[in-house]
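What follows is one structure encoded as structure tokens, with my remarks underneath.
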Amino acid sequence: MGNKTSIRLMQGNEACAEGAVAAGMRFFAGYPITPSTEIAEELAFILPKVGGKFIQMEDEIASISAIIGASLTGAKSMTATSGPGFSLKQESIGFAAIAEVPCVIVNVMRVGPSTGVPTAPSQADVMQARWGTHGDHPVVVLCPTSVAETYTLIVEAFNISERWRIPVIFLMDEVIGHMREKVAIPDPGELNIVNRARPRCKPEDYLPFDADAGDGVVPPMADFGTGYRYHLTGLTHDRTGFPTTKRPEVDALIRRLDSKMDKAKQEVTFVDEVLTEDADIAVFAYGITARAGARAVRDARASGVSAGLLKVKTLWPFPEEHVERIASKVRAIVVPEMNMGQLVREVERASKGKTKVISLTRVDAEPISPQQILSALKEV
Amino acid sequence: MARKPITYYLREDKMPHIWCEGCGHGIVLSAVLRAIDSLNLDKNNVCVVSGIGCASRAPGYLDFDTLHTTHGRALAFATGIKMMKPNLDVIVLAGDGDLAAIGGNHLIHAARRNIDITTICFNNSIYGMTSGQYSPMTPTGKMATTAPYGHIEEPFDLCELVFAAGASFVGRGTAYHAAPLSRLIAKAIAQDGFAFVEAVSQCPTYFGRRNKMRNALVMLDWQKEHAVTKKAASRLSPDELEDKFIIGELGTRARPEYTKRYESIIEAATKETDDDV
Amino acid sequence: MQKSGNAGPVVDGDSRPVIINDRWCKGCDICVSFCPKNVLERPEGGKAQVARVEDCTRCGICEIMCPDLAIQVVPAGDRKEERSGARGGSVHGK
């Protein structure tokens, strides 16, 4: 991977690809779509170098289906897309959730809806990332704020997916995807890599969906082709993996799957608090907007406004505690988003009325500027 | 008859299966298992994938690595499995609706790639699971819940479609001709490349009842009367052939297999690393 | 799919040429109709059963035509070890 030097100038999409390989990802299936195509192009080149495999499938549905299949053989697998493809993948994301198949889905957000502005950034897929597929289901959604963070956070995405047997959605946006920044590539030894728990019992005793065999929430997962010969289905299923409609079994499955979000929360919540100790006003921002937020906070401080920043990298499960704690200390929380106001609703909910929550929206295909956030901070 | 009892390949505690009385799918499944048995495949090395529909419930009963996926996507899931473990015998079992309607795009591309996956289409020309809508294989004029005035569309010739897309083996059989069907399926599994078998099956519950074929025996008899081998067909005149369909091996060609071709990419990529500065 | 005991009817030393698992049979009459020697019959509302076992030639048509995978025809040769459908200690191992 050419990581002879540890400092490199990398594109966001390139960092996503190389970070994934560093995490142990060895199968990628994708379909061309601006602004994520560079991820596929990079992986078509580097995966075979490490004995991994790349395939360009006939559409985005085929791509996510292929990575779920590959994951069943024990491989860490990933697909990458943007809005339109992300919409097509939703049904199979639900399959990965109910069948508990580790996989990572990268969505480099562009202006929607529909074809929108393919080359322009947006953050308007945030609710879709949580609720895009039908039915109650667990999902973890991470969102990097820089190219360097893209590299390290995609590794976390795989760790979470393997540890919790859950689809993890990695939300970038067109700016993060296409801009180039300095990246200090961690030595492989420095990275914490997690692999799914495999069963320790004999094949004939293996109950593929018996969580008690694991930690009570996540069952150990056997690889296809190793003699465990088990069944997976998108139908609600019992501990043997066979379809069931018995009410207690359906209820137990749905609640166990959903409980992954709470159980994982501590471990998967990545939020940086910048200058929040003495802040009397805060900015809640994620993705590229958090960069403008950081600048706005610095400028505000310079002009006497004691602002702080919640730099949020885990969008779901939503970091309620961080928001509630900040809400009880500040006069207002400004929530700048490149959408018509989506996560701001969660901020309001988590604030429980303890502070004003101000939505700052921008949907003209340009990133939000520090000045916009600064003026919002000053107007409060 | 199987050298080993067919129960050797079943998850017996999950039986009896859900298919209706007289449904052809059990006959086709039995043919698949006898084919696997005739090839003496190792149960730990067989992976069966299906989509959604009556036929797609088959893997749940089979003592292999089995995967019941989303509607139409079996071949895409199977492609991921085959790419990462090319030594597995990957078999897709699905119905005509799953494979040729919603799954059509994946069907033609899997054939175009010639990836070593054997696909058995349980063709009962109807959507049985959802109780009787017409499918891409429903003959013109037939009745269905969504063709209350008689079906106006033409069905695919699925074997021609898949062969034209690039498959290295296609064939057709029927539930009535269960023994030759099993031999055909064995040849398809043994083929190195994309192999497709259309197995004409019967749905007495929905297709039969709405089309004056009141039970499985009548429908099996229809299969007997309308299926002809290539040899027999060559002796029939065009109008005699009008309502007949050909069974047996219909097309085979030698083509490089996809996962083996990808190995050449890995060789090129790993060789290049050695020359890297 | 669990490797519970063998629910199939086949037991070692079973000399019957045709064994019908009446828990799986759904009474579709295909075997009764296809048997070339009229060995099988099915009472109204009941399951297929072997009526004239002496006429059975073990041709196996009933087995391959059974949609419920409920019929096992035991080949003429003494293949007791292969007839054992039991799990676990089966000669075929895992």
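Just so it is clear: chains get the letters A, B, ... in the order the sequence lines come, proteins before strands, and each one is counted from 1.
- The side-chain hydrogen bond (donor to acceptor under 3.5 Å, both in side chains) pairs that include a residue from residues 16-33 of chain B are B/His17-C/Lys26, B/His17-C/Asp68, B/His25-B/Asn124, B/His25-B/Ser201, B/Ser30-B/Arg34, where partners are two or more places apart or lie in different chains.
- Within the 4.5 Å cutoff, no side-chain heavy atoms of C/Ile30 are placed close to those of B/Tyr176.
- Considering CD1 of B/Ile6 and CD1 of C/Ile64, their distance stands at 10.5 Å, rounded to 0.5 Å.
- Residues C/Pro67 and B/Cys23 approach most closely at CB-O, 3.2 Å, considering heavy atoms.
- In this structure, CG on B/Asn215 lies 9.5 Å from SG on C/Cys28, to the nearest 0.5 angstrom.
- Residue C/Ile19 holds its CD1 atom at 10.0 Å from OG1 of B/Thr7, rounded to the nearest 0.5 Å.
- Contact detail for B/Ile27 and C/Cys66: the closest heavy-atom pair is CG1-C, 4.3 Å.
- For B/Ala179, the parts sitting under 4.5 Å from any heavy atom of chain C are the backbone and the side chain alike.
- Contact annotation for B/Leu220: only side-chain heavy atoms (C-beta onward) come within less than 4.5 Å of a heavy atom of chain C.
- Under a cut-off of 6.0 angstrom, the local environment of NZ in B/Lys244 is crowded, with over 12 non-hydrogen atoms contributed by other residues, nucleotides or ligands.
- C/Arg23 and B/Glu12 make their closest contact through NH2-O, 4.5 Å (heavy atoms, listed as atom of the first residue, atom of the second, distance).
- In B/Arg214, the CZ atom is not crowded: 12 or fewer heavy atoms of neighbouring residues, nucleotides or ligands sit closer than 6.0 Å.
- With a 6.0 Å radius and a threshold of 12 heavy atoms from other residues, nucleotides or ligands, B/Lys187 has its NZ atom at or below the threshold.
- Heavy atoms closer than 4.5 Å to chain C are found in the side chain of B/Ala216, but not in its backbone.
- Counting heavy atoms from C-beta outward, C/Leu69 and B/Tyr61 have side chains that stay 4.5 Å or more apart.
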